[in-house]
Chemist: 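Just dropping this structure here.
Excluded from the calculations below are hydrogen atoms, water molecules and symmetry mates; all remaining heavy atoms, backbone and side chain alike, are included. Convention: sequence-line order gives letters A, B, ...; per-chain numbering from 1. Being a predicted model, the structure only gives us computed values, none of them experimental.
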2 protein chains.
Amino acid sequence: MISIKDIAKALSVSPSSVSLVLTGKAKERRISEALIEKIIAKAAEMGYQPNRAAVSLRTGKSKTIGLIVENISNHFFSSLAHTIQEEARHFHYNVVYCSTENDAQKGKEVLQLLTNHQVDGYIITPTLGMETEIENLVKWKKPLVLMDRCFPGMDVPYVMVDNYKGVQLGMEYLIKKGSCKIGFVTVDLDLLHMKEREKAYIDTLKKHDIKFIKEKILRLTYDVSKEEAVKQITVFIKNAKDLEGVFFSTNYLGIYGLLSLRELNLNIPADLKVICFDDHDVFELFQPSITVIQQPIHEIAQTALKLLVAQLGHTKPLRDKQILIAPKLIIRSST
Amino acid sequence: MISIKDIAKALSVSPSSVSLVLTGKAKERRISEALIEKIIAKAAEMGYQPNRAAVSLRTGKSKTIGLIVENISNHFFSSLAHTIQEEARHFHYNVVYCSTENDAQKGKEVLQLLTNHQVDGYIITPTLGMETEIENLVKWKKPLVLMDRCFPGMDVPYVMVDNYKGVQLGMEYLIKKGSCKIGFVTVDLDLLHMKEREKAYIDTLKKHDIKFIKEKILRLTYDVSKEEAVKQITVFIKNAKDLEGVFFSTNYLGIYGLLSLRELNLNIPADLKVICFDDHDVFELFQPSITVIQQPIHEIAQTALKLLVAQLGHTKPLRDKQILIAPKLIIRSST
DNA sequence: CTGAAAGCGCTTACAG
DNA sequence: CTGAAAGCGCTTACAG
């Protein structure tokens with residue numbers, strides 16, 4: 001690897017001049033046009049590339065953003081990651097990502113890892129149990145944005161879809177279509193965004209004077225296996241024989257649900273209407289195609305980066321730091 | 001951030017001793033048990049975390065692996081990335097990933113980026129046009145593994161599925177099931193793994209004395225839009241009216257294909273048998289479910305990391321450095 | 001058994 | 001307009 005010193009030596013000038021030119025501070029230090037050109041040409045010729053470790057050590061800035069998601073192999077998160085990385089490139093930032101698998105221990109570990117790597121800012125999909133760590137980042141004034149979920153009452157910038165609104169949208173639609181007996185299949189996680197989805201389900205029923213029966217909610221554990229989930233959903237739907245509609249609160253639950261529905265051999269939407277939170281290729285292709293509440297992934301990712309870049313001082317601060325993105329009801333054939 | 005110096009000062013010992021203890025070299029330098037314990041306790045108490053930039057600058061090792069994939073938002077690659085990251089954790093390595101979008105220019109850029117970041121090793125899904133850059137890495141003796149594809153005649157470690165075998169497997173099965181007139185939908189990319197798939201298609205036909213008609217191959221451009229692809233596939237299948245089977249050479253082409261087939265309202269597998277290279281959730285759920293050639297993602301990722309870690313000197317070198325993973329025929333209802 | 005010193009490659013205040 | 005020097009936090013030969 002060729003260094004600033006090498007260029008300086010080759011040109012018989014001081015390393016400082018080379019550094020100044022290469023970091024674009026030549027003008028304000030009034031270095032001669034001639035020297036500037038000579039240095040730039042030589043650097044290109046020798047194929048100079050700055051050693052980021054050295055820059056990082058010296059400046060305290062790594063030009064790296066740390067991204068923590070739940071699971072990078074999940075389509076929702078990998079799409080977010082992809083967009084964030086694309087957007088970050090415009091600002092010459094790199095992205096280092098980690099997955100938590102929704103495990104607090106692992107979440108803390110990867111956060112520590114990113115901190116060790118001196119990332120300049122964080123975009124985090126937090127797990128339950130990371131509250132203290134997140135608050136510490138705030139205390140140390142680290143640029144930070146929460147994504148997809150947040151903690152109640154914590155004053156941190158965040159972007160997420162309006163979960164309440166999303167479920168409300170879907171429920172209103174089901175009800176408009178004539179369903180009253182609607183089941184809700186969700187995951188047993190104590191995270192705000194899941195609570196919001198459930199709350200919207202209950203509230204919308206109440207708003208329409210439909211009595212809420214708690215047996216109409218199925219809560220699966222987060223780590224349930226595919227087989228077990230399919231079994232439980234099948235039993236749930238079979239037991240609630242008079243069900244007219246079912247709402248799946250996440251896309252992977254929806255996919256499990258489709259497997260169950262296939263086993264039950266139900267006629268959709270005639271026997272049972274189906275709607276799912278969060279879109280997926282499967283839902284478009286399934287017969288009948290499935291109505292969903294779509295999260296604008298691109299917009300979420302872009303907004304997260306926008307909030308972060310503002311904190312990093314590259315753009316003006318945004319007026320709102322806690323942003324709810326409007327979900328979209330995509331009507332297909334299952335409702 | 002608290003540094004080695006801070007610990008040294010707090011304990012009134014020299015920074016060298018602290019460093020020696022914290023990097024586990026205390027024993028060989030025969031530092032007293034008492035001091036070792038004192039230092040370890042203090043470091044924990046003060047919450048010491050090494051500055052990776054400094055370590056990296058000093059040692060030339062960043063404990064980071066650079067991963068370049070085609071597109072992180074694609075399920076195949078994000079699953080690979082996830083497994084690689086998990087495995088890398090065991091060796092205390094981090095992963096920085098980038099997407100090329102199959103664009104050579106971008107591929108070179110992200111490679112440069114990773115090099116600037118002083119990554120210790122590379123796992124790369126190369127694009128066409130990155131040959132020189134890859135060869136340079138080899139010349140500089142950088143730990144390197146190619147993944148999912150490789151360049152003919154280049155002496156570099158790689159892992160990929162046996163593409164030829166995969167298509168052969170599928171074709172043999174279609175033929176066994178009585179199809180002779182089989183179409184092949186592929187992407188117009190000059191990459192070895194795609195060539196292999198096409199070659200296997202032609203060879204298997206020949207082997208069974210089925211005459212190969214070049215109109216039975218549809219080559220879509222890599223950057224074709226979803227709508228355009230669906231249209232072209234629809235026309236292709238309609239024009240080849242006597243088609244008994246169709247082989248999609250990648251999973252996204254298969255998904256486009258399903259949309260076409262739905263438009264055409266064909267009876268699968270009675271009118272047309274369908275098989276696809278590379279699995280996807282959609283194929284399991286589609287009615288009828290789609291027979292596929294599955295790539296063992298986990299095994300590919302694990303092997304890639306194994307090859308890399310060996311080069312990084314943490315494990316013994318493997319006997320074979322160019323590894324083909326056996327694909328699996330998953331028989332479902334579409335054939 | 002322990003410490004002082006050099007140096008990784010860079011940036012930046014300071015001096016001239 | 002340009003250069004010499006210090007220092008970011010760490011590791012490691014060297015000295016004692």
Chemist: Checking A:Asn102 against A:Thr100: is there a side-chain donor and acceptor pair closer than 3.5 Å?
Modeler: no
Chemist: Quick one: do the A:Thr115 and A:Tyr122 side chains pair a donor with an acceptor below 3.5 Å?
Modeler: yes
Chemist: Within residues 113-122 of chain B, find the residues that approach DNA chain C with a heavy atom at under 4.0 Å, and present them sorted by residue number.
Modeler: none
Chemist: Are the charged groups of B:Glu70 and B:Arg149 less than 4.0 angstrom apart, N to O?
Modeler: yes
Chemist: If you measure from CD1 on A:Ile124 to SG on A:Cys150, what distance do you get to the nearest 0.5 Å?
Modeler: 13.5 Å
Chemist: Let me know which of A:Val145, A:Thr315, A:Ile65 forms a side-chain contact (heavy atoms from CB on, under 4.5 Å) with A:Val309.
Modeler: A:Thr315
Chemist: Going by purine N1 to pyrimidine N3 plus the second Watson-Crick contact, or the G-U wobble pair, all under 3.5 Å, which nucleotide sits opposite D:dA4?
Modeler: none
Chemist: Ignoring hydrogens and geometry beyond distance, is a side-chain donor-acceptor pair present between A:Glu87 and A:His298 at under 3.5 Å?
Modeler: no
Chemist: A:Arg52 has an atom CZ; how far is it from atom C1' of C:dC8, in whole Å?
Modeler: 17 Å
Chemist: Under 4.0 Å between a Lys/Arg side-chain N and an Asp/Glu carboxylate O for A:Lys42 and A:Glu37?
Modeler: no
Chemist: Within the 4.0 Å limit for protein heavy atoms, which parts of nucleotides 9-16 of chain D are touched? Write it as a string from 5' to 3', B for base, S for sugar-phosphate only, - for none.
Modeler: BBBB-B--
Chemist: Do B:Glu109 and A:Arg89 meet the salt-bridge criterion of a basic N to acidic O distance under 4.0 Å?
Modeler: yes
Chemist: Who is the Watson-Crick or G-U wobble partner of D:dA13, with both distances under 3.5 Å?
Modeler: none
Chemist: Rounded to whole angstrom units, what separation is found between the CG atom of A:Leu11 and the P atom of D:dG3?
Modeler: 10 Å
